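None of the values given here were measured: they were computed from a predicted structure.
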Amino acid sequence: MDLDGARILVVGATGVLGRRLCERLAGRTRQIVVTGRSAAAAEDVRRELGLLAAHALDLVDHDAVAEVVRRAAEELGGLDAVVIATGVAAFGPAAEEDEAVVEELFEVNALGPMALVRAALPHLSDGGAVAVLTGVVAELPLAGMAAYAASKAAMASWLGSLRRELRRRRIAVVDARLPHMDTGLVDRALAGLPPRLPPGHDVDDALAALERGLERGVHEVRVG
(Lines give C-alpha, C1' and ligand atoms only; values in the text may rest on other atoms or scores of the structure.)
Protein backbone atom coordinates (compact mmCIF):
# COMPACT_ATOMS: atom_id res chain seq x y z
CA MET A 1 0.00 0.00 0.00
CA ASP A 2 1.01 3.61 -0.49
CA LEU A 3 1.41 5.36 2.85
CA ASP A 4 1.47 8.83 1.27
CA GLY A 5 -1.89 10.34 2.11
CA ALA A 6 -3.18 7.06 3.58
CA ARG A 7 -6.03 7.07 6.12
CA ILE A 8 -4.66 5.35 9.21
CA LEU A 9 -5.95 4.48 12.67
CA VAL A 10 -3.12 4.05 15.20
CA VAL A 11 -4.20 2.37 18.43
CA GLY A 12 -1.89 2.88 21.37
CA ALA A 13 -0.38 6.11 20.04
CA THR A 14 0.49 7.40 23.51
CA GLY A 15 2.99 4.61 24.22
CA VAL A 16 6.64 4.87 23.24
CA LEU A 17 6.33 2.74 20.10
CA GLY A 18 2.96 4.11 19.06
CA ARG A 19 4.04 7.72 19.37
CA ARG A 20 7.33 7.19 17.54
CA LEU A 21 5.45 5.38 14.79
CA CYS A 22 3.04 8.30 14.47
CA GLU A 23 6.00 10.66 14.18
CA ARG A 24 7.29 8.59 11.26
CA LEU A 25 3.90 8.28 9.57
CA ALA A 26 3.18 12.00 9.96
CA GLY A 27 5.90 12.61 7.39
CA ARG A 28 3.80 10.66 4.88
CA THR A 29 0.23 11.53 5.86
CA ARG A 30 -1.67 13.65 8.37
CA GLN A 31 -4.83 11.61 7.80
CA ILE A 32 -4.26 9.76 11.06
CA VAL A 33 -6.60 9.15 13.99
CA VAL A 34 -4.87 8.18 17.22
CA THR A 35 -6.07 6.52 20.41
CA GLY A 36 -4.71 6.13 23.92
CA ARG A 37 -6.04 5.20 27.33
CA SER A 38 -5.78 8.85 28.32
CA ALA A 39 -7.82 11.30 26.25
CA ALA A 40 -5.46 14.13 27.20
CA ALA A 41 -2.36 12.19 26.18
CA ALA A 42 -3.93 11.17 22.87
CA GLU A 43 -4.90 14.77 22.18
CA ASP A 44 -1.33 15.87 22.92
CA VAL A 45 -0.02 13.49 20.25
CA ARG A 46 -2.64 14.67 17.76
CA ARG A 47 -1.92 18.35 18.38
CA GLU A 48 1.87 18.10 18.39
CA LEU A 49 1.98 16.10 15.14
CA GLY A 50 -0.88 17.90 13.40
CA LEU A 51 -2.99 14.77 12.99
CA LEU A 52 -6.71 14.55 12.29
CA ALA A 53 -8.35 13.33 15.50
CA ALA A 54 -7.75 11.65 18.86
CA HIS A 55 -9.88 9.45 21.10
CA ALA A 56 -9.59 7.74 24.48
CA LEU A 57 -9.79 3.97 24.21
CA ASP A 58 -9.43 1.07 26.61
CA LEU A 59 -9.27 -2.19 24.65
CA VAL A 60 -10.92 -4.05 27.52
CA ASP A 61 -14.19 -2.23 26.72
CA HIS A 62 -15.31 -3.93 23.49
CA ASP A 63 -18.37 -1.69 23.06
CA ALA A 64 -16.12 1.36 23.22
CA VAL A 65 -13.76 -0.30 20.73
CA ALA A 66 -16.51 -0.60 18.13
CA GLU A 67 -17.65 2.99 18.69
CA VAL A 68 -14.16 4.48 18.40
CA VAL A 69 -13.49 2.55 15.19
CA ARG A 70 -16.78 3.78 13.75
CA ARG A 71 -15.96 7.39 14.62
CA ALA A 72 -12.44 7.12 13.23
CA ALA A 73 -13.70 5.68 9.94
CA GLU A 74 -16.26 8.49 9.74
CA GLU A 75 -13.63 11.18 10.41
CA LEU A 76 -11.23 9.71 7.85
CA GLY A 77 -13.85 8.80 5.26
CA GLY A 78 -12.79 5.16 5.49
CA LEU A 79 -9.66 3.31 6.56
CA ASP A 80 -6.61 2.30 4.55
CA ALA A 81 -4.66 0.87 7.48
CA VAL A 82 -5.05 -0.01 11.14
CA VAL A 83 -1.99 -0.33 13.37
CA ILE A 84 -2.30 -1.71 16.91
CA ALA A 85 0.67 -0.80 19.08
CA THR A 86 -0.72 -1.68 22.50
CA GLY A 87 0.37 -4.27 25.03
CA VAL A 88 0.95 -5.16 28.65
CA ALA A 89 3.38 -7.59 30.23
CA ALA A 90 3.53 -9.72 33.37
CA PHE A 91 6.19 -12.02 34.75
CA GLY A 92 6.53 -14.88 37.19
CA PRO A 93 6.26 -18.69 37.37
CA ALA A 94 3.28 -20.14 35.48
CA ALA A 95 2.14 -22.04 38.56
CA GLU A 96 1.85 -18.80 40.53
CA GLU A 97 0.09 -16.59 37.98
CA ASP A 98 -2.83 -14.55 39.27
CA GLU A 99 -6.10 -15.20 37.40
CA ALA A 100 -6.97 -11.50 37.18
CA VAL A 101 -3.57 -10.71 35.71
CA VAL A 102 -3.88 -13.51 33.15
CA GLU A 103 -7.31 -12.24 32.13
CA GLU A 104 -6.02 -8.69 31.63
CA LEU A 105 -3.07 -9.96 29.58
CA PHE A 106 -5.41 -11.74 27.19
CA GLU A 107 -7.87 -8.84 27.05
CA VAL A 108 -5.24 -6.23 26.18
CA ASN A 109 -2.89 -8.36 24.08
CA ALA A 110 -5.39 -10.54 22.23
CA LEU A 111 -9.14 -10.20 22.77
CA GLY A 112 -9.24 -6.40 22.57
CA PRO A 113 -7.14 -6.20 19.39
CA MET A 114 -9.24 -8.97 17.82
CA ALA A 115 -12.42 -7.02 18.58
CA LEU A 116 -10.90 -3.87 17.13
CA VAL A 117 -9.83 -5.54 13.89
CA ARG A 118 -13.28 -7.12 13.50
CA ALA A 119 -14.87 -3.68 13.94
CA ALA A 120 -12.47 -2.13 11.42
CA LEU A 121 -12.83 -4.66 8.60
CA PRO A 122 -16.11 -3.30 7.18
CA HIS A 123 -14.47 0.14 6.89
CA LEU A 124 -11.08 -1.03 5.58
CA SER A 125 -10.40 -0.48 1.90
CA ASP A 126 -9.43 -3.43 -0.30
CA GLY A 127 -5.67 -3.43 -0.72
CA GLY A 128 -5.25 -1.90 2.74
CA ALA A 129 -3.43 -3.27 5.77
CA VAL A 130 -3.81 -4.40 9.37
CA ALA A 131 -0.67 -4.46 11.51
CA VAL A 132 -0.37 -5.67 15.10
CA LEU A 133 2.77 -5.51 17.25
CA THR A 134 3.01 -8.98 18.78
CA GLY A 135 6.76 -9.27 19.42
CA VAL A 136 9.18 -12.18 19.33
CA VAL A 137 7.71 -13.37 22.63
CA ALA A 138 4.84 -14.78 20.52
CA GLU A 139 7.16 -17.52 19.30
CA LEU A 140 9.84 -17.59 22.00
CA PRO A 141 8.11 -18.28 25.34
CA LEU A 142 10.81 -17.91 27.97
CA ALA A 143 10.53 -19.13 31.55
CA GLY A 144 8.80 -16.62 33.77
CA MET A 145 6.46 -15.18 31.14
CA ALA A 146 4.06 -18.02 30.26
CA ALA A 147 0.76 -16.10 30.19
CA TYR A 148 2.34 -13.04 28.57
CA ALA A 149 3.81 -15.16 25.77
CA ALA A 150 0.59 -17.14 25.42
CA SER A 151 -1.49 -13.98 24.96
CA LYS A 152 0.83 -12.76 22.21
CA ALA A 153 0.92 -16.20 20.58
CA ALA A 154 -2.87 -16.27 20.54
CA MET A 155 -2.93 -12.95 18.71
CA ALA A 156 -0.31 -14.12 16.22
CA SER A 157 -2.25 -17.31 15.47
CA TRP A 158 -5.46 -15.34 14.95
CA LEU A 159 -3.69 -13.01 12.52
CA GLY A 160 -2.45 -16.00 10.56
CA SER A 161 -5.99 -17.26 10.02
CA LEU A 162 -7.29 -13.78 9.23
CA ARG A 163 -4.61 -13.33 6.57
CA ARG A 164 -5.90 -16.30 4.63
CA GLU A 165 -9.50 -15.13 4.94
CA LEU A 166 -8.71 -11.67 3.53
CA ARG A 167 -6.76 -12.76 0.45
CA ARG A 168 -9.57 -11.90 -1.93
CA ARG A 169 -9.68 -8.37 -0.57
CA ARG A 170 -5.88 -8.08 -0.88
CA ILE A 171 -5.68 -6.77 2.69
CA ALA A 172 -2.22 -7.29 4.14
CA VAL A 173 -2.20 -8.70 7.67
CA VAL A 174 1.15 -7.78 9.17
CA ASP A 175 2.38 -9.53 12.31
CA ALA A 176 5.13 -7.30 13.72
CA ARG A 177 7.31 -9.66 15.75
CA LEU A 178 9.62 -6.93 16.94
CA PRO A 179 12.49 -7.67 19.34
CA HIS A 180 12.89 -6.42 22.88
CA MET A 181 13.30 -2.65 23.00
CA ASP A 182 13.90 -0.32 25.94
CA THR A 183 10.44 1.27 25.96
CA GLY A 184 9.75 0.86 29.68
CA LEU A 185 7.09 -1.81 29.07
CA VAL A 186 8.75 -4.34 31.37
CA ASP A 187 9.00 -1.72 34.11
CA ARG A 188 5.22 -1.25 33.94
CA ALA A 189 4.43 -4.96 34.17
CA LEU A 190 1.13 -5.97 35.74
CA ALA A 191 2.97 -8.38 38.02
CA GLY A 192 6.42 -9.79 38.73
CA LEU A 193 9.93 -8.86 37.70
CA PRO A 194 11.28 -9.45 34.19
CA PRO A 195 13.98 -12.04 33.56
CA ARG A 196 17.39 -10.84 32.51
CA LEU A 197 16.95 -9.43 29.00
CA PRO A 198 19.48 -8.58 26.28
CA PRO A 199 20.14 -4.93 25.40
CA GLY A 200 17.13 -3.37 23.71
CA HIS A 201 17.03 -3.11 19.94
CA ASP A 202 17.01 0.35 18.36
CA VAL A 203 13.41 1.63 18.27
CA ASP A 204 13.72 3.64 15.07
CA ASP A 205 15.30 0.70 13.25
CA ALA A 206 12.44 -1.57 14.30
CA LEU A 207 9.77 0.95 13.33
CA ALA A 208 11.43 1.57 9.97
CA ALA A 209 11.09 -2.16 9.35
CA LEU A 210 7.41 -1.98 10.29
CA GLU A 211 6.87 0.96 7.95
CA ARG A 212 8.46 -0.99 5.10
CA GLY A 213 6.36 -4.01 6.02
CA LEU A 214 3.16 -1.98 5.75
CA GLU A 215 4.13 -0.69 2.33
CA ARG A 216 5.14 -4.08 1.00
CA GLY A 217 2.29 -6.01 2.59
CA VAL A 218 4.55 -8.61 4.20
CA HIS A 219 3.18 -11.33 6.48
CA GLU A 220 5.68 -10.78 9.29
CA VAL A 221 8.12 -8.07 10.29
CA ARG A 222 11.32 -9.23 11.96
CA VAL A 223 14.49 -7.32 12.80
CA GLY A 224 17.72 -8.15 14.58
Those residues that, when tested against [X], pass salt bridge (Lys or Arg N to Asp or Glu O under 4.0 Å) (two or more places apart):
{"X": "Arg164", "answer": "none"}
{"X": "Asp4", "answer": "Arg28"}
{"X": "Glu74", "answer": "Arg70"}

**Report entry** Passing candidate, side chain to side chain contact (heavy atoms under 4.5 Å, CB included) with Met155, options Leu111, Thr134, Ile84
**Finding:** Thr134

Query raised in the report: Any side-chain heavy-atom pair from Leu214 and Val83 closer than 4.5 angstrom?
Result: yes

**Report entry** Val34 vs Cys22 side-chain heavy atoms within contact, under 4.5 Å
**Finding:** yes

Report task. Test Asp2 against Asp80 for side chain to side chain contact (heavy atoms under 4.5 Å, CB included), laying out the working first. Result -> CA-CA 9 Å; Asp2 186 357; Asp80 296 313; over 6 Å; no

What are the two closest heavy atoms between [X] and [Y], and how far apart are they?
{"X": "Val45", "Y": "Ala13", "result": "CG2-O, 3.8 Å"}
{"X": "Phe106", "Y": "Ala154", "result": "CE2-CB, 4.2 Å"}
{"X": "Ile32", "Y": "Ala26", "result": "CD1-N, 4.2 Å"}
{"X": "Ala189", "Y": "Gly192", "result": "CB-O, 4.2 Å"}
{"X": "Gly36", "Y": "Ala42", "result": "N-CB, 3.9 Å"}
{"X": "Asp175", "Y": "Ala156", "result": "OD2-CB, 3.4 Å"}

Non-neighbouring partners of [X] that pass side-chain hydrogen bond (donor to acceptor under 3.5 Å, both in side chains), sequence neighbours left out:
{"X": "Asp182", "value": "His180"}
{"X": "Arg167", "value": "none"}
{"X": "Glu107", "value": "His62"}
{"X": "Glu220", "value": "Arg222"}

Does [Y] offer a backbone N or O that forms a donor-acceptor pair with the side chain of [X] under 3.5 Å?
{"X": "Lys152", "Y": "Leu133", "value": "yes"}
{"X": "Arg7", "Y": "Gly77", "value": "yes"}
{"X": "Arg46", "Y": "Leu51", "value": "yes"}
{"X": "Arg30", "Y": "Leu49", "value": "yes"}
{"X": "Ser151", "Y": "Tyr148", "value": "yes"}

For the atom pair [atom1] ([X]) and [atom2] ([Y]), what is the distance rounded to the nearest 0.5 Å?
{"X": "Leu162", "Y": "Ile171", "atom1": "CG", "atom2": "CD1", "result": "8.0 Å"}
{"X": "Leu142", "Y": "Phe91", "atom1": "CG", "atom2": "CZ", "result": "10.0 Å"}
{"X": "Ser38", "Y": "Glu43", "atom1": "OG", "atom2": "CD", "result": "10.5 Å"}
{"X": "Leu21", "Y": "Leu210", "atom1": "CG", "atom2": "CG", "result": "5.5 Å"}
{"X": "His123", "Y": "Leu76", "atom1": "NE2", "atom2": "CG", "result": "11.0 Å"}
{"X": "His219", "Y": "Arg163", "atom1": "NE2", "atom2": "CZ", "result": "5.0 Å"}

With hydrophobic residues grouped by side-chain heavy-atom distances under 4.5 Å, do [X] and [Y] end up in a single group?
{"X": "Leu178", "Y": "Val16", "answer": "no"}
{"X": "Val137", "Y": "Met114", "answer": "no"}
{"X": "Val10", "Y": "Leu59", "answer": "no"}
{"X": "Val33", "Y": "Leu79", "answer": "yes"}
{"X": "Val203", "Y": "Val174", "answer": "yes"}

By side chain to side chain contact (heavy atoms under 4.5 Å, CB included), which residues pair with [X], not counting sequence neighbours?
{"X": "Val88", "result": "Leu105, Val108, Asn109, Leu190"}
{"X": "Ala208", "result": "Arg24, Arg212"}
{"X": "Val68", "result": "Thr35, His55, Leu57"}

**Report entry** Enclosure of Arg71 CZ (heavy-atom neighbours >12, cutoff 6.0 Å)
**Finding:** no

Query raised in the report: Would you say Arg168 has more than 12 foreign heavy atoms packed within less than 6.0 Å of its CZ?
Result: no

Query - Residue pairs, two or more places apart or on separate chains, that pass side-chain hydrogen bond (donor to acceptor under 3.5 Å, both in side chains) and touch residues 113-122 - result: none

Query - side-chain hydrogen bond (donor to acceptor under 3.5 Å, both in side chains) partners of residues 84-105, not counting sequence neighbours, each pair once - result: none

Requested in this report: Tell me, with the steps shown, if Leu207 and Glu23 meet side chain to side chain contact (heavy atoms under 4.5 Å, CB included).
Outcome: CA-CA 10 Å; Leu207 293 180; Glu23 290 171 356; over 6 Å; no

Query raised in the report: Given Thr29 and Leu3, is the side chain to side chain contact (heavy atoms under 4.5 Å, CB included) satisfied, shown in steps?
Result: CA-CA 7 Å; Thr29 179; Leu3 291 176; 5.8 Å; no

